[in-house]
Amino acid sequence: MTATPAVQAAWADQTARAARIRHDPLPLAGLRYVAGADTSSRRGLHILHAAITVVRLPDLALVEVVTLTQPATWPYIPGLLSYREAPVLLAAFAQLKHRPDALIVDGHGLCHPRRFGLACHLGLALDLPAIGCAKRPFGATYAEPGPAPGDRAPLLLDEAPVGLALRTRRGSAPVFVSVGHRAALDDAAALVLACAGGYRLPAPTRLAHVEANAQRRAWAAEQAALGDAAVRPAPLAWPIEPGDDRWPNPTC
DNA sequence: GCGACAG
DNA sequence: ATCTTGTCGC
């Protein structure tokens with residue numbers, strides 16, 4: 001994907017929004033409900049299945065799940081994941097009965113070319129403390145952290161510290177934690193560790209991944225049962241032009 | 001042209 | 001992200 005007008009507009013949009021990110025300490029002591037966000041989709045199908053989970057601390061019990069299926073309006077473009085995934089994730093979040101104290105996103109926060117990854121985008125849109133916990137470093141470099149859970153090393157992007165490579169489980173690759181919005185990095189790491197529960201990925205996003213996949217399978221089965229009435233997968237119209245309602249806009 | 005590249 | 005078989009280890 002090249003620098004189409006919509007892509008350039010999105011870059012400018014991210015830079016403008018990044019200036020509004022705050023780095024508050026997370027009130028970890030009173031933290032009770034932590035949400036997780038993830039999506040699933042089938043290979044050539046531009047349909048997104050989102051899941052938002054709410055997990056209770058400190059026992060990591062799953063107390064609420066919302067899933068939602070919507071057509072994607074953007075392709076996946078490295079650095080512009082938000083424009084693809086944020087709309088359906090925000091719509092799903094709006095259906096939550098609980099108001100979580102914080103959100104963990106399957107993706108990056110400040111570890112991003114314009115310092116505005118999906119976790120920043122969602123946190124800012126929701127005005128909620130948000131952190132990114134990704135499975136791959138997205139171009140950032142790091143020294144291998146020690147083997148014990150809690151061991152960590154700085155994540156560097158363009159020579160700048162943007163997050164942590166954090167060991168959450170012995171014998172597993174580290175996860176890549178960066179601040180999204182209204183959170184400090186050490187608190188973000190502490191929260192991820194508090195949610196690890198013996199797994200590599202923190203419970204909120206790990207369970208959201210499971211739920212989003214279940215939603216994709218359920219949707220596929222439902223479509224199969226509908227036969228002729230099933231939605232025909234319209235190919236994603238791309239690129240888009242100015243004035244298109246998919247143009248980067250502050251509401252999503 | 002080649003390799004990188006969150007999900 | 002998804003596609004895919006077997007394989008290694010607790």
Side-chain angles (χ1 to χ4, degrees), chain A residues 1-3 7 10-11 14 17-18 21 36-53 67-90 92 103-124 130-142 147 149 155-158 160 162-166 169-181 188 192 198-202 204-217 219-220 233 236 238 252:
Chain A
M1 300 300 158
T2 52
V7 162
W11 289 345
Q14 290 181 321
R17 290 195 214 202
I21 289 298
D38 192 23
T39 70
S40 169
S41 68
R42 187 176 168 176
R43 189 165 47 181
L45 250 194
H46 285 237
I47 301 284
L48 295 180
H49 309 277
I52 306 287
T53 59
T67 57
L68 184 63
T69 294
Q70 280 184 7
T73 58
W74 280 60
Y76 169 67
I77 301 170
L80 298 180
L81 179 64
S82 301
Y83 301 89
R84 177 173 174 82
E85 294 199 349
V88 66
L89 288 171
L90 291 172
L103 174 68
I104 304 180
V105 176
D106 188 357
H108 289 289
L110 292 189
C111 179
H112 179 276
R114 288 162 296 283
R115 305 298 184 268
F116 198 74
L118 179 61
C120 300
H121 198 119
L122 294 178
L124 190 61
I131 69 177
C133 182
K135 300 180 289 297
R136 294 189 296 174
F138 196 17
T141 59
Y142 61 99
L155 248 195
L156 302 175
L157 194 57
D158 308 321
V162 292
L164 296 170
L166 178 68
R169 178 194 164 134
R170 184 176 294 272
S172 293
V175 296
F176 303 96
V177 176
S178 61
V179 160
H181 184 52
V192 168
Y199 294 86
R200 178 187 180 219
L201 298 179
T205 53
R206 185 172 55 79
L207 296 174
H209 187 84
V210 170
E211 296 292 338
N213 272 315
Q215 170 65 13
R216 174 166 62 79
R217 289 189 153 86
W219 184 87
L236 207 172
W238 192 262
C252 62

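Order of the sequence lines fixes the chain letters, A, B, ..., with proteins taken first and strands second; residue numbering starts at 1 for each chain.
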Has A:Arg170 got a side-chain atom pairing as donor or acceptor with A:Pro149's backbone, closer than 3.5 angstrom? no
Write down the distance between CG (A:Leu122) and C1' (B:dG7), rounded to a whole number of angstrom. 12 Å
Distance, rounded to the nearest Å, where A:Arg43 contributes CZ and B:dG7 contributes C1': 16 Å
Which part of the nucleic acid, if any, lies within reach of A:His209 when heavy atoms closer than 4.0 Å are counted: base, sugar-phosphate only, or nothing? sugar-phosphate
Using Watson-Crick pairs (N1 to N3, plus N6-O4 or O6-N4) and G-U wobble pairs, both distances under 3.5 Å, which stems of at least 3 pairs involve DNA chain B? none
Rounded interatomic separation in angstrom, taking OH from A:Tyr83 and P from B:dA6: 17 Å
Check each of A:Leu201, A:Thr205, A:Leu166, A:Leu164 against A:Val192 using the side-chain contact (heavy atoms from CB on, under 4.5 Å) test, and report the only one that passes. A:Leu166
Side-chain ion pair, A:Asp106 and A:Lys135, N-O less than 4.0 Å: yes
Does the cation-pi check pass for A:Arg206 over A:Tyr199, that is, NZ or CZ under 6.0 Å from the six-membered ring centre and within 45° of its axis? yes
I need the single residue from A:Leu90, A:Leu118, A:Leu80, A:Val105 that forms a side-chain contact (heavy atoms from CB on, under 4.5 Å) with A:Glu85. Which is it? A:Leu118
In whole angstrom, give the distance that lies between atom CZ of A:Arg136 and atom C1' of B:dA6. 7 Å
Please give, in whole Å, the distance from B:dC5 C1' to A:Asp158 CG? 14 Å
Rounded to the nearest Å, what distance is computed from the CZ atom of residue A:Phe138 to the P atom of nucleotide B:dC5? 9 Å
For DNA chain C, which ranges pair as stems of 3 or more consecutive Watson-Crick or G-U pairs, with both donor-acceptor distances under 3.5 Å? none
Say you pick atom C1' in C:dT2 and the same atom in B:dC5; how far apart are they, in whole Å? 16 Å
Taking any heavy-atom pair under 4.0 Å as a contact, classify A:Leu45: base, sugar-phosphate, or nothing. nothing
May A:Tyr76 be described as stacking on the base of B:dG7, applying a 5.5 Å centroid limit and a 30° limit on plane angle? yes
Give A:Gly44 one of three labels, base, sugar-phosphate or nothing, depending on what nucleic acid heavy atoms sit under 4.0 Å from its own. nothing
Leading and trailing nucleotides of DNA chain C with any atom under 4.0 Å from heavy atoms of chain A: C:dA1 to C:dC3
CD1-CG distance between A:Ile104 and A:Leu122, expressed to the nearest 0.5 angstrom: 13.0 Å
From NE2 of A:His112 across to P of B:dC5 the rounded distance in Å is 15 Å
A:Trp74 has an atom CH2; how far is it from atom P of B:dA6, in whole Å? 17 Å
